Each structure stands twice: as structure tokens, then as C-alpha cells.
Amino acid sequence: MPDAVPHRDTRIALVLGGGGPVGIAWLAGLAQGLRSAGIDLTLADRIIGTSAGAVVGTAIAAGSDLSTLLTPRPTPAVAPARDFGPLLEIAALLRAVDQDRELVLQRVGELALGAETGDPAAHLERIGALVDFADWPDHDLVVTSIDIGSGALTAWTRDDPATLVQALAASTSVPGVFPPIEIGGRHYIDGGVRSTINADLAAGYDAVVILEPLAHVYPRTRADRELDAARQVSITPDEVAVAAFGPDLFAGAALGPSYESGLRQAGAAAGELKEFWPAG
């Protein structure tokens, strides 16, 4: 486990966005490729992860072998939601504009809580296996989710009462697909329903690096666009990577090609980051 990052004049936040299992694969390949090119992402002062990005951000913060995120685990298979009614209503709500966003997310949470998406314990087991049921790493790691009671963003850290596995399970609880996760008597869902990157949690940092698997699908929110950072770098899937992803973010056959796409894109990304990234 890496030590906490020491103080530097240029403070860097690393933001990793959502994208399902395919997004995990692309992010893992990209991060592994950057590591091989001399860019040690663990040296970011803060790591902010949403959904898929929370899983990979945890592996980065812990200094884990990122390729293990593609290793098959003895956990329950991902089952598609049987009742498409809640999914369709959730999708319609998330497309709504000119509405109180927290009220919208409360309603999304209510629908997610009522949907038949299986036992929360199975989701905790599935996500826990990805990170070997680890404890919070000694790093400023932030994992995002939404409190369905208030519709507000919850940014979990190692100082909060949630275990790492609970926080990750909540962050990856896609409403209508996976069950909300109960933590301390409240229920939480995927932080990606607010923003796929939640980059506003990087406000105040001198440099912000955003790894954004779904940039080709979802536009940034206003808060994500209004970062006051001297330097911003966004790394997104290129056309080849998007083709590797395919239409189904949960497709097992797309994981290997998505990981390889991330590895391939790491070379160009490293060249841009070397201008300011600290030496290991």
C-alpha cells in the first residue's frame, strides 16, 4: 500500500468516471499503460472515482495490479433486470431538464428501491471480490454515490463509517439494474446518476486529470465544466476504443478489447501528462 502523497506546490486531482465493466477494463488498461510509461497515478493528491471509476481508482490508490480487474471471480453473474418498467421511467427522469435535480434523484432512488434487482448482499459480494475485500487505502480516495432519501451526492472517504466495499457497491449500484445499498440506515445508488465524473469534487486543485470512459455518450454537467484549475487534461476513448466497447457496457466479450484499447491510448496520454506529473 502506498503512503499518503506528500505536499507539493502543484496539487493534482485524478478523476475517474463511470462506464460499467467495459469502462473498468478501459480505465484499468489506460492506468496500467501509464504506469509502464512512467506515470504513477498513485502520486495524485486526490483520487475521485464514480462507479467503474471508483473500482479502478481504488486499485490505483492501493497500488494493485490493475490487470487483475479482468480476472474472472467466483461471484454471481450480472443478471439483466427483469422488469423494464422502472428502467424506462428512470431513464426518462434522468433525461429531464429544468427540474430540481435532487428531487429527480430522490424519485430515481425510490424506483430503484422498488425494482426487483436481487439481493444487495450479492452485489456487495460481487464488488468486494474485485478489490479482494480490502480496507480503505492510505490515500485521499473519494467514492461517490447518491443518498436516495435526499437525492444529494455523498462523497465517501476512509474517515466515513462505510467500509470500502460498501462505498464501492453503492457507487456501482446502477438504479434499476443493481439494488440500492444500505449504509447506516440509509440507501445509496450509483453516483453516476448525478454526473458520470463528478469532477466538481476536484475544485481547488491546481491540475485536474479526468479519465472519462463515457465522454462520447454523456455531456458534462455545468459543475463539471466550471472547474477553476490552471491545467485540465481529459483523456477519453478514441474511435477504436468506442468500437471495442460496443453497445453493451456489461458484455464480457468486450472486456479484453477495451483493456487493450486503454493500454494503446496510454502512450499518447503519457506524453501529455509528463509535462507536469511528478516523478515517482
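Basis for what follows: all heavy atoms, side chains included, without hydrogens, waters or symmetry-related copies. From a predicted model like this one, the values you see are computed outputs, not experimental measurements.
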Applying salt bridge (charged side-chain N to carboxylate O under 4.0 Å, His left out), name anything that partners [X], two or more places apart in sequence or on another chain.
{"X": "D40", "answer": "none"}
{"X": "E239", "answer": "none"}
{"X": "D200", "answer": "R194"}
{"X": "D160", "answer": "none"}

Look up atom [atom1] in [X] and atom [atom2] in [Y], then write down how far apart they are to the nearest 0.5 Å.
{"X": "L164", "Y": "L141", "atom1": "CG", "atom2": "CG", "value": "7.0 Å"}
{"X": "T157", "Y": "D140", "atom1": "OG1", "atom2": "CG", "value": "7.5 Å"}
{"X": "L105", "Y": "I90", "atom1": "CG", "atom2": "CD1", "value": "11.0 Å"}
{"X": "L113", "Y": "L111", "atom1": "CG", "atom2": "CG", "value": "10.0 Å"}
{"X": "I24", "Y": "L66", "atom1": "CD1", "atom2": "CG", "value": "11.5 Å"}
{"X": "L14", "Y": "I60", "atom1": "CG", "atom2": "CD1", "value": "5.5 Å"}

Short side-chain to backbone donor-acceptor contact, [X] and [Y], under 3.5 Å:
{"X": "K274", "Y": "G38", "value": "no"}
{"X": "S150", "Y": "A152", "value": "yes"}
{"X": "D45", "Y": "A13", "value": "no"}
{"X": "R158", "Y": "H139", "value": "yes"}
{"X": "D100", "Y": "L103", "value": "yes"}
{"X": "S36", "Y": "Q32", "value": "yes"}

Any [X] side-chain heavy atom under 4.5 Å of [Y] side chain:
{"X": "I235", "Y": "I210", "value": "no"}
{"X": "Y205", "Y": "R231", "value": "no"}
{"X": "L27", "Y": "Y259", "value": "no"}
{"X": "L16", "Y": "I48", "value": "no"}
{"X": "V209", "Y": "W277", "value": "yes"}
{"X": "V193", "Y": "P175", "value": "yes"}
{"X": "F276", "Y": "V233", "value": "yes"}

Taking all atoms of both residues into account, what is the closest heavy-atom pair of [X] and [Y], and its distance?
{"X": "L168", "Y": "A54", "result": "CD2-O, 3.5 Å"}
{"X": "D190", "Y": "I146", "result": "O-CG1, 3.7 Å"}
{"X": "A167", "Y": "I183", "result": "N-CD1, 4.4 Å"}
{"X": "S145", "Y": "W156", "result": "OG-NE1, 2.8 Å"}
{"X": "A199", "Y": "L227", "result": "O-CD2, 3.2 Å"}
{"X": "F178", "Y": "R126", "result": "CE2-NH1, 3.4 Å"}

By the salt bridge (charged side-chain N to carboxylate O under 4.0 Å, His left out) test, which pairs, at least two apart or in different chains, include something from residues 175-188?
D147-R186
Which pairs, with at least one residue in residues 256-272 and sequence neighbours excluded, count as a salt bridge (charged side-chain N to carboxylate O under 4.0 Å, His left out)?
D238-R264
Do L69 and V55 pass the side chain to side chain contact (heavy atoms under 4.5 Å, CB included) test, and can you show the C-alpha distance, the side-chain angles, and the key distance before you say yes or no?
CA-CA 9 Å; L69 293 177; V55 174; 4.1 Å; yes
The side-chain contact (heavy atoms from CB on, under 4.5 Å) partners of T163 (sequence neighbours excluded) come to V165, Q166
Apply side chain to side chain contact (heavy atoms under 4.5 Å, CB included) to residues R46 and V142 and explain how you reach the verdict.
CA-CA 8 Å; R46 165 170 278 196; V142 179; 3.7 Å; yes
If a pair satisfies side chain to side chain donor-acceptor pair (under 3.5 Å) and one of its residues is in [range], list it, with sequence neighbours excluded.
{"range": "residues 170-179", "value": "H123-T172"}
{"range": "residues 103-113", "value": "E89-R107, R107-E110"}
{"range": "residues 20-29", "value": "W26-Q265"}

Whether the N198 and T50 side chains hold a donor-acceptor pair (N or O, under 3.5 Å, no angle test) is what I'd like checked.
yes
Strictly by modelled atom types, are D224 and T221 linked by a side-chain donor-acceptor pair under 3.5 Å?
yes
Please determine whether side chain to side chain contact (heavy atoms under 4.5 Å, CB included) holds for the pair T154 and Y188, giving the CA-CA distance in whole Å, both sets of side-chain angles, and the decisive distance to 0.1 Å.
CA-CA 9 Å; T154 298; Y188 299 87; 3.4 Å; yes
Under 3.5 Å, sequence neighbours excluded: what are the donor-acceptor pairs made by side chains of residues 245-255?
from	atom 1	to	atom 2	distance (Å)
D248	OD1	F250	N	2.9

Would you find more than 12 non-hydrogen atoms of other residues, nucleotides or ligands less than 6.0 Å from D228 atom CG?
no
After noting the C-alpha distance and the side-chain angles of D206 and I12, does the key distance pass the side chain to side chain contact (heavy atoms under 4.5 Å, CB included) rule?
CA-CA 6 Å; D206 304 305; I12 302 172; over 6 Å; no
Qualifying residue for side-chain contact (heavy atoms from CB on, under 4.5 Å) with V242, from S258, S261, P237, P213:
P237
Would you kindly confirm whether V240 and L211 end up in one hydrophobic cluster when ILVMFWY residues are joined by side chain heavy atoms under 4.5 Å apart?
no
Applying side chain to side chain donor-acceptor pair (under 3.5 Å), can you list everything that pairs with S234, at least two apart in sequence or on another chain?
E212, R220
